[in-house]
Participant: 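Quick one: structure below, then a few questions.
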Amino acid sequence: AQFLRDHGLRKGDKIALFMQNCPQYLICKYGAEKIGVAVGPCSPMFKEWELEYQLKDLGAKVLVVLDHLYPIVDKVRSNTPLDLVVVTNYSDFLPDHPYPAFPENLIPKRSIPNTQDFMDILRSELREVPREDIDPEDDVCLIVYTSGSTGMPKGAMLTYRNAQFKTDCVTHTYGYSAADVHLCVMPVFHIAGLLFSANVPVYTGGTMVMLTRFAPEAVLEAIDRYRVTSAYTVVPMNVAMMEHPRAKETDFGSFRLNPCTSFGIQLSEDIASRWRTLTGAPLFEISYGLSETHTADTLMPLAGIKVGSHGKPTSGTQIRIVSLEDPNVEVPLGEQGEITIKSPGVFKGYLNKPEATKDALREGWLYTGDIGKWDEEGYLYFLGRKKEMIKCSGYSVFPEEVERMLLRHPAVEAAAVIGVPDPVRGESVKAFIVLNEEHRGRVAEEEIIAWSRERMANYKYPRYVEFRESLPATGTGKLLRRILAEEERAKQTQ
């Protein structure tokens with residue numbers, strides 16, 4: 001904080017962070033926010049064009065980067081508003097003998113021209129504790145870019161109040177305290193990883209066990225050695241751990257909670273049951289939420305875990321399901337419509353995009369563009385994106401709903417659904433399927449179609465199936481149907 005102030009940054013300025021999980025990330029994040037400087041996380045999977053776009057859109061004056069990623073920065077630096085680049089090396093904070101073993105290739109620390117060394121900043125004398133008058137309701141602490149699944153990423157401006165409100169909700173819902181040991185393996189540049197794996201332990205005074213990236217053996221070793229009590233994961237991580245030989249040797253005696261998100265593989269009753277048998281801890285879909293709301297608009301109640309749902313509205317959060325034809329009308333219980341949200345977690349708006357902000361925020365309500373429905377017990381079900389909705393013979397088909405049903409086929413490991421042109425129906429459903437290893441070469445596309453026809457409405461089942469080795473996804477595992485749709489359109493024009 002002192003360094004940024006000495007460098008001329010003031011409240012309202014922005015810095016960018018281009019790092020994987022490491023202590024330096026959180027030092028920079030909280031240090032900048034301490035004096036009102038907003039932080040813009042950049043995915044460490046970015047290439048030159050992606051990084052350049054975000055730095056320019058953000059207007060970042062300072063970038064902090066792990067030195068092995070600096071060559072990417074160097075290629076675009078002159079095209080950005082950056083005044084200064086701060087570099088750091090994993091070794092700056094690694095112990096002599098890290099456990100679990102450190103998974104990355106360490107490059108020797110070296111001096112990079114026209115940059116500032118991170119450790120030199122920390123070694124400088126602290127003259128006084130920097131302080132800033134923060135308005136939590138109005139001042140922006142974090143600018144998170146949307147995934148761009150339906151267009152160019154936009155910077156969602158989140159306030160200090162947004163962050164504090166959601167952190168407090170999660171803390172009280174799950175009874176987190178200073179006694180908890182949190183595994184931080186999900187990327188903290190992503191809003192969910194930041195909230196559940198970093199902000200909560202910092203807020204409660206708990207312990208954080210930070211891993212740079214996921215490896216099943218390393219996570220199992222960390223749970224055992226450091227007596228982890230809670231871990232936020234995505235379902236493929238849990239599956240990989242259950243299949244690892246070390247799972248049977250791991251002491252899960254301290255483990256009490258495993259909130260998760262279904263990325264790549266949907267959480268099923270079978271997976272949740274197998275995980276609980278192994279660990280003694282519940283595995284549950286923790287929430288529905290968006291970057292625009294600091295996520296966690298719903299949370300799964302521990303007293304009533306319902307697999308397939310996304311829990312109930314967070315305390316202090318109002319959620320309405322409104323008609324796709326008339327957004328002023330709420331739909332009846334059980335019917336599908338657009339999810340709208342009003343809460344202290346709703347963002348301030350999109351950076352430099354007043355029209356997009358005006359379209360999303362109406363009279364205090366965020367119109368999410370997501371489709372959902374309620375059940376009779378007040379649980380929310382997320383069904384997909386409005387823009388990805390498929391119109392078949394006049395009926396609305398939501399990709400997430402079809403994907404969830406396809407995942408019930410014993411041979412299907414992952415599924416993605418899009419609409420393709422149909423001269424009779426307008427659109428038909430096409431499914432891209434990743435088969436379980438044991439079924440590859442033994443199941444035909446036609447068998448999946450026939451199976452679906454027997455279990456789904458006539459307008460809904462996939463008319464076309466294509467097997468894939470993998471499905472396109474963001475760095476955090478979020479399915480990118482847009483890529484599949486673009487590939488399909490390219491085929492049509494050939």
Side-chain angles (χ1 to χ4, degrees), residues 11-12 29-30 32-34 36-41 132-146 154-177 188 190-205 232 259 261 286-301 310-322 327 330 338-351 353-354 356-370 372 374 378-380 382:
K11 186 169 76 170
K29 177 190 182 302
Y30 296 125
E33 292 175 349
K34 185 173 181 62
V37 172
V39 173
E132 183 60 60
D133 183 20
I134 300 293
D135 180 350
E137 301 288 345
D138 190 57
D139 289 335
V140 174
C141 67
L142 190 65
I143 301 177
V144 177
Y145 278 74
T146 61
K154 301 185 291 291
M157 299 184 290
L158 296 163
T159 67
Y160 290 78
R161 174 60 171 148
N162 296 154
Q164 186 273 336
F165 170 70
K166 287 302 178 67
T167 306
D168 191 68
C169 286
V170 175
T171 295
H172 285 92
T173 298
Y174 300 113
Y176 287 121
S177 71
V188 294
H190 187 264
I191 190 66
L194 176 68
L195 173 61
F196 300 128
S197 302
N199 280 359
V200 167
V202 168
Y203 186 66
T204 58
Y232 169 55
T261 298
I286 188 170
S287 75
Y288 162 81
L290 306 90
S291 298
E292 289 88 343
T293 61
H294 212 290
T295 199
D297 299 299
T298 65
L299 289 169
M300 185 67 70
H310 290 77
K312 296 184 175 184
T314 304
S315 175
T317 297
Q318 300 176 63
I319 298 180
R320 300 183 311 185
I321 309 294
V322 301
E330 287 190 63
E338 182 174 1
I339 301 171
T340 63
I341 300 168
K342 179 185 282 188
S343 85
V346 171
F347 75 147
K348 187 175 180 178
Y350 294 113
L351 179 66
K353 291 180 172 56
T357 299
K358 184 179 177 181
D359 184 58
L361 292 174
R362 306 173 212 168
E363 299 181 352
W365 288 88
L366 172 64
Y367 284 72
T368 67
D370 289 341
W374 298 114
Y379 286 80
L380 181 71
F382 167 67

Participant: Is there side-chain contact between V346 and E292, with heavy atoms separated by less than 4.5 Å?
Facilitator: no
Participant: Search all heavy atoms of L299 against all heavy atoms of S287 and return the closest pair with its distance.
Facilitator: CD2-CB, 4.0 Å
Participant: Mind checking side chain to side chain donor-acceptor pair (under 3.5 Å) for Y203 and listing every partner two or more places apart, or none if nothing turns up?
Facilitator: Q164, D168
Participant: Locate the shortest heavy-atom distance separating T314 from C169; write the atom from each residue and the value.
Facilitator: CG2-SG, 3.0 Å
Participant: Any side-chain heavy atom of K312 sitting closer than 4.5 Å to one from Y379?
Facilitator: yes
Participant: Out of curiosity, W374 CH2 to I339 CD1, how far, rounded to the nearest 0.5 Å?
Facilitator: 8.0 Å
Participant: Checking side-chain contact (heavy atoms from CB on, under 4.5 Å) for the pair L380/I321: CA distance, chi angles, key distance, verdict?
Facilitator: CA-CA 10 Å; L380 181 71; I321 309 294; 3.9 Å; yes
Participant: Run the side chain to side chain donor-acceptor pair (under 3.5 Å) test against S197 and tell me which residues pass, sequence neighbours left out.
Facilitator: none
Participant: Suppose we screen for ring-ring contact (aromatic ring centres under 6.0 Å, His included). Which residues come up paired with F382, at least two apart in sequence or across chains?
Facilitator: Y288
Participant: What residues form a salt bridge (charged side-chain N to carboxylate O under 4.0 Å, His left out) with E137, not counting sequence neighbours?
Facilitator: R161
Participant: Identify the two heavy atoms, one from V39 and one from A32, that lie closest to each other, and give their separation to 0.1 Å.
Facilitator: CG2-CB, 3.8 Å
Participant: Looking at side-chain heavy atoms only, is the closest gap between T293 and T368 below 4.5 Å?
Facilitator: no
Participant: Identify which one of T295, D297, N199 satisfies the side-chain hydrogen bond (donor to acceptor under 3.5 Å, both in side chains) criterion when paired with K166.
Facilitator: D297
Participant: Taking only residues two or more places apart in sequence, or in another chain, which ones meet S315 in a side chain to side chain contact (heavy atoms under 4.5 Å, CB included)?
Facilitator: none
Participant: Among all residues two or more places apart in sequence or in another chain, which pass the ring-ring contact (aromatic ring centres under 6.0 Å, His included) test with Y350?
Facilitator: F347
Participant: Could you tell me whether the side chain of N162 and the main chain of T159 form a donor-acceptor pair under 3.5 Å?
Facilitator: yes
Participant: Could you check if a side-chain atom of H294 sits within less than 4.5 angstrom of a side-chain atom of L142, using non-hydrogen atoms only?
Facilitator: yes
Participant: Please examine the side chains of P313 and I341, heavy atoms only from C-beta on, and report whether any two atoms are closer than 4.5 Å.
Facilitator: no
Participant: Sequence neighbours excluded, which residues qualify as side chain to side chain contact (heavy atoms under 4.5 Å, CB included) partners of A38?
Facilitator: K14, V140, I143
Participant: For Y176 and V200, which heavy atoms make the closest approach, and how far apart are they?
Facilitator: CD1-CG1, 3.6 Å
Participant: Using side-chain contact (heavy atoms from CB on, under 4.5 Å), reason through L351 and Y145 one step at a time and then give a plain yes or no.
Facilitator: CA-CA 10 Å; L351 179 66; Y145 278 74; 3.9 Å; yes
Participant: For S291 and T146, indicate whether the former's side chain and the latter's backbone hold a donor-acceptor pair under 3.5 Å.
Facilitator: no
Participant: Would you say V322 and W365 make side-chain contact, with heavy atoms under 4.5 Å?
Facilitator: no
Participant: Please tell me if the side chains of V144 and L194 come closer than 4.5 Å, counting only heavy atoms from C-beta onward.
Facilitator: no
Participant: For A296 and V170, which heavy atoms make the closest approach, and how far apart are they?
Facilitator: CB-CG2, 4.3 Å
Participant: If the condition is salt bridge (charged side-chain N to carboxylate O under 4.0 Å, His left out), which residues does K358 pass it with, not counting sequence neighbours?
Facilitator: none
Participant: Report the residues that fulfil salt bridge (charged side-chain N to carboxylate O under 4.0 Å, His left out) with K348, sequence neighbours left out, ordered by chain and then residue number.
Facilitator: D138
Participant: List in chain and number order the residues that pass ring-ring contact (aromatic ring centres under 6.0 Å, His included) with Y232, two or more places apart in sequence or in another chain; answer none if no residue qualifies.
Facilitator: F196
Participant: For residues G36 and E132, report the shortest heavy-atom separation together with the two atoms involved.
Facilitator: N-CG, 4.4 Å
Participant: For Y367, give me all partners under side chain to side chain donor-acceptor pair (under 3.5 Å), at least two apart in sequence or on another chain.
Facilitator: R320
Participant: Roughly how far, to the nearest 0.5 Å, is the NE2 atom of H172 from the OG1 atom of T204?
Facilitator: 10.5 Å
Participant: Partners of K11 by side chain to side chain donor-acceptor pair (under 3.5 Å), sequence neighbours excluded?
Facilitator: D139
